[in-house]
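Working notes for the structure below.
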There are 2 protein chains.
Amino acid sequence: MRKTRQREVIREELTKLDSHPSADELYRLVRKRLPRISLGTVYRNLDVMFREGMIQRLDVGGSQMRFDGDRSDHQHIRCVRCGRIDDMEALPELTKSERDAVKGAGYRLLARRIEFLGLCPACVKKAGRH
Amino acid sequence: MRKTRQREVIREELTKLDSHPSADELYRLVRKRLPRISLGTVYRNLDVMFREGMIQRLDVGGSQMRFDGDRSDHQHIRCVRCGRIDDMEALPELTKSERDAVKGAGYRLLARRIEFLGLCPACVKKAGRH
DNA sequence: TTGATAAAAGTAACCATTACTGATAATGGT
DNA sequence: ACCATTATCAGTAATGGTTACTTTTATCAA
Ligand SMILES: [Mn+2]
Ligand SMILES: [Mn+2]
Ligand SMILES: [Zn+2]
Ligand SMILES: [Zn+2]
């Protein structure tokens with residue numbers, strides 16, 4: 001994997017963020033520094049960095065992928081009103097009933113995806129005063 | 001909401017299945033009984049039935065929506081190898097650490113999506129003998 | 001320095017889904 | 001039963017995120 005300016009800037013901008021941008025959001029940011037970069041380059045590099053384990057690709061609800069420069073194992077909570085995604089540190093344990101259900105289905109469990117859904121602080125405030 | 005033959009057959013075929021078909025999979029099945037039905041009709045009716053709470057629409061990983069005639073609240077386990085989706089009865093409880101993390105993020109929790117990932121029995125067998 | 005080639009920009013294609021456009025048919029009132 | 005209303009239909013075009021292709025550029029080991 002060669003070292004290119006484009007990939008460098010894409011990664012810098014992603015890890016700088018604590019939000020979880022989509023490819024086009026990141027594209028808009030990166031273009032401020034590299035105005036001639038193409039959207040395809042952003043997609044290609046996000047893909048290759050994901051495959052190399054350098055970043056996370058989040059397949060949350062909706063049509064767009066989200067990307068996360070934080071490689072640690074953590075969960076996310078998504079605001080159903082504005083789409084914002086925040087980190088959550090809870091590390092849920094596999095309960096006995098879950099293990100039994102997996103075994104009952106005859107599956108070999110590999111992972112468990114948990115996504116919390118709710119209203120972010122800003123949207124709670126807006127919803128509060130009807 | 002009018003009663004149409006198309007909607008009737010779509011619902012019948014969906015509830016008949018214990019799998020979790022995508023729109024086009026269902027389209028192929030329905031076409032055996034209604035050869036002139038269009039894919040758009042399948043999409044439209046799945047959407048309207050979902051909005052009316054008659055069926056479930058599953059936004060699992062991947063690009064396609066899945067549909068579920070079983071309206072009960074239950075979880076799913078997806079085979080990462082062949083894409084098969086099965087039901088799971090486990091009803092996971094919200095742990096204290098999860099509640100704390102939600103509160104820490106300032107969110108009002110509305111729901112929690114859990115998806116189990118693994119290898120289905122058939123794929124376990126195949127993977128077992130390399 | 002240079003040759004091989006990974007990766008770039010630009011553009012077209014892909015694919016699930018949604019929207020649009022007349023035609024058809026379900027339904028409620030006469 | 002007939003009709004008027006209009007939800008729904010079949011067929012087709014458009015949408016939007018993503019991927020693939022083609023030609024050019026630039027990285028880097030030799
Ligand atoms: Mn994160
Ligand atoms: Mn199910
Ligand atoms: Zn919000
Ligand atoms: Zn499988």
Side-chain angles (χ1 to χ4, degrees), chain A residues 1-14 19-68 78 82-85 115, chain B residues 1-14 19-68 78 82-85 115:
Chain A
M1 188 152 96
R2 290 178 182 172
K3 182 185 167 191
T4 68
R5 179 85 183 124
Q6 288 86 342
R7 182 147 50 220
E8 194 175 44
V9 172
I10 290 168
R11 191 174 189 192
E12 276 175 20
E13 292 299 319
L14 177 57
S19 69
H20 300 80
S22 59
D24 70 296
E25 283 169 352
L26 202 48
Y27 173 55
R28 280 195 288 272
L29 287 172
V30 169
R31 240 192 329 187
K32 292 177 181 172
R33 293 174 59 185
L34 300 175
R36 295 194 52 76
I37 198 173
S38 74
L39 180 57
T41 297
V42 174
Y43 270 107
R44 191 179 344 96
N45 279 296
L46 287 172
D47 185 51
V48 65
M49 288 192 287
F50 167 65
R51 288 202 312 267
E52 294 295 319
M54 298 162 65
I55 64 174
Q56 277 193 266
R57 186 214 299 250
L58 310 178
D59 190 357
V60 299
S63 57
Q64 285 178 276
M65 290 285 181
R66 302 296 203 104
F67 298 88
D68 193 341
R78 175 161 58 93
C82 70
R84 176 189 173 87
I85 295 178
E115 185 191 4
Chain B
M1 187 153 98
R2 289 178 184 170
K3 182 184 168 190
T4 68
R5 179 83 184 125
Q6 286 87 343
R7 183 147 50 223
E8 193 176 43
V9 172
I10 290 168
R11 190 172 192 196
E12 277 175 19
E13 292 299 320
L14 176 58
S19 70
H20 299 80
S22 59
D24 70 295
E25 284 169 353
L26 204 45
Y27 173 54
R28 281 195 286 271
L29 286 173
V30 168
R31 239 189 332 184
K32 292 179 182 172
R33 293 173 59 185
L34 301 175
R36 295 195 54 75
I37 197 171
S38 73
L39 180 57
T41 297
V42 173
Y43 270 108
R44 192 181 339 101
N45 280 296
L46 287 172
D47 185 52
V48 64
M49 287 192 288
F50 166 65
R51 287 203 314 268
E52 294 295 320
M54 297 162 65
I55 64 173
Q56 277 192 268
R57 186 212 301 250
L58 309 179
D59 191 355
V60 300
S63 57
Q64 285 178 276
M65 291 284 181
R66 302 297 203 103
F67 298 88
D68 192 342
R78 176 161 58 92
C82 70
R84 177 189 172 87
I85 295 179
E115 186 191 2

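Within every chain, numbering begins at 1; the chains are lettered A, B, ... in the order of the sequence lines, protein sequences first and strands thereafter. Not measured: the values here are computed from a predicted model.
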Over 12 non-hydrogen atoms of neighbours within 6.0 angstrom of CZ in A:R36: no

Listed once per pair and sorted, the ring-ring contact (aromatic ring centres under 6.0 Å, His included) pairs that draw on residues 19-45 of chain B, sequence neighbours left out: B:H20-B:H76

A:R7 vs B:S22, nearer the 5' end of DNA chain C by closest nucleotide: A:R7

Pairwise 5' ranking along DNA chain C for B:M1 and A:R2, keeping only the more 5' one: A:R2

Non-hydrogen side-chain atoms of B:R78 and B:E115 separated by less than 4.5 Å: yes

Student check: side-chain heavy atoms of B:M49 and B:L14 closer than 4.5 Å: no

Rounded to the nearest 0.5 Å, what's the gap from [atom1] on [X] to [atom2] on [Y]? Could you check?
X	Y	atom1	atom2	result
B:L46	B:T41	CG	OG1	10.5 Å
A:S22	A:R28	OG	CZ	6.5 Å
B:K32	B:I37	NZ	CD1	14.5 Å
A:M1	A:T4	CE	OG1	8.5 Å

Contact boundaries on DNA chain D for chain B, cut-off under 4.0 Å to non-hydrogen atoms: D:dT6 to D:dG11

Between C:dA26 (C1') and B:Q6 (CD): distance, integer Å: 11 Å

For atom CG of B:D24 and atom C1' of C:dC14, their distance in whole Å: 14 Å

Check against side chain to side chain contact (heavy atoms under 4.5 Å, CB included), B:E12 and B:V30: CA-CA 9 Å; B:E12 277 175 19; B:V30 168; over 6 Å; no

Residue pair A:R7, A:V48: steps toward the side chain to side chain contact (heavy atoms under 4.5 Å, CB included) verdict: CA-CA 10 Å; A:R7 182 147 50 220; A:V48 65; 3.6 Å; yes

Estimated bend of the helix from C:dT1-D:dA30 to C:dT30-D:dA1 (axis per five terminal pairs, rounded to 10 degrees): 30°

Selection: residues 41-56 of chain A, any non-hydrogen atom under 4.0 Å of DNA chain C: A:T41, A:R44, A:N45

Close residues, residues 58-66 of chain A, relative to DNA chain D [heavy-atom separation under 4.0 Å]: A:S63, A:Q64, A:M65

Can you list, pair by pair, the side-chain donor-acceptor contacts under 3.5 Å of residues 51-59 of chain A, counting residues two or more places apart and other chains?
from: A:R51; atom 1: NH1; to: A:D47; atom 2: OD2; distance (Å): 2.4
from: A:R57; atom 1: NH2; to: A:D47; atom 2: OD1; distance (Å): 2.7
from: A:D59; atom 1: OD2; to: B:G62; atom 2: N; distance (Å): 2.8

Given DNA chain D, 5'-ward residue of the pair B:T4 and B:G40, judged by closest heavy atom: B:T4

Nearest-nucleotide 5' precedence on DNA chain D, B:R36 against B:K3: B:K3

For A:V9, the option from A:Q6, A:R11, A:R5 that meets side-chain contact (heavy atoms from CB on, under 4.5 Å): A:R5

B:E13 (side chain) donor-acceptor with B:I10 (main chain) under 3.5 angstrom: no

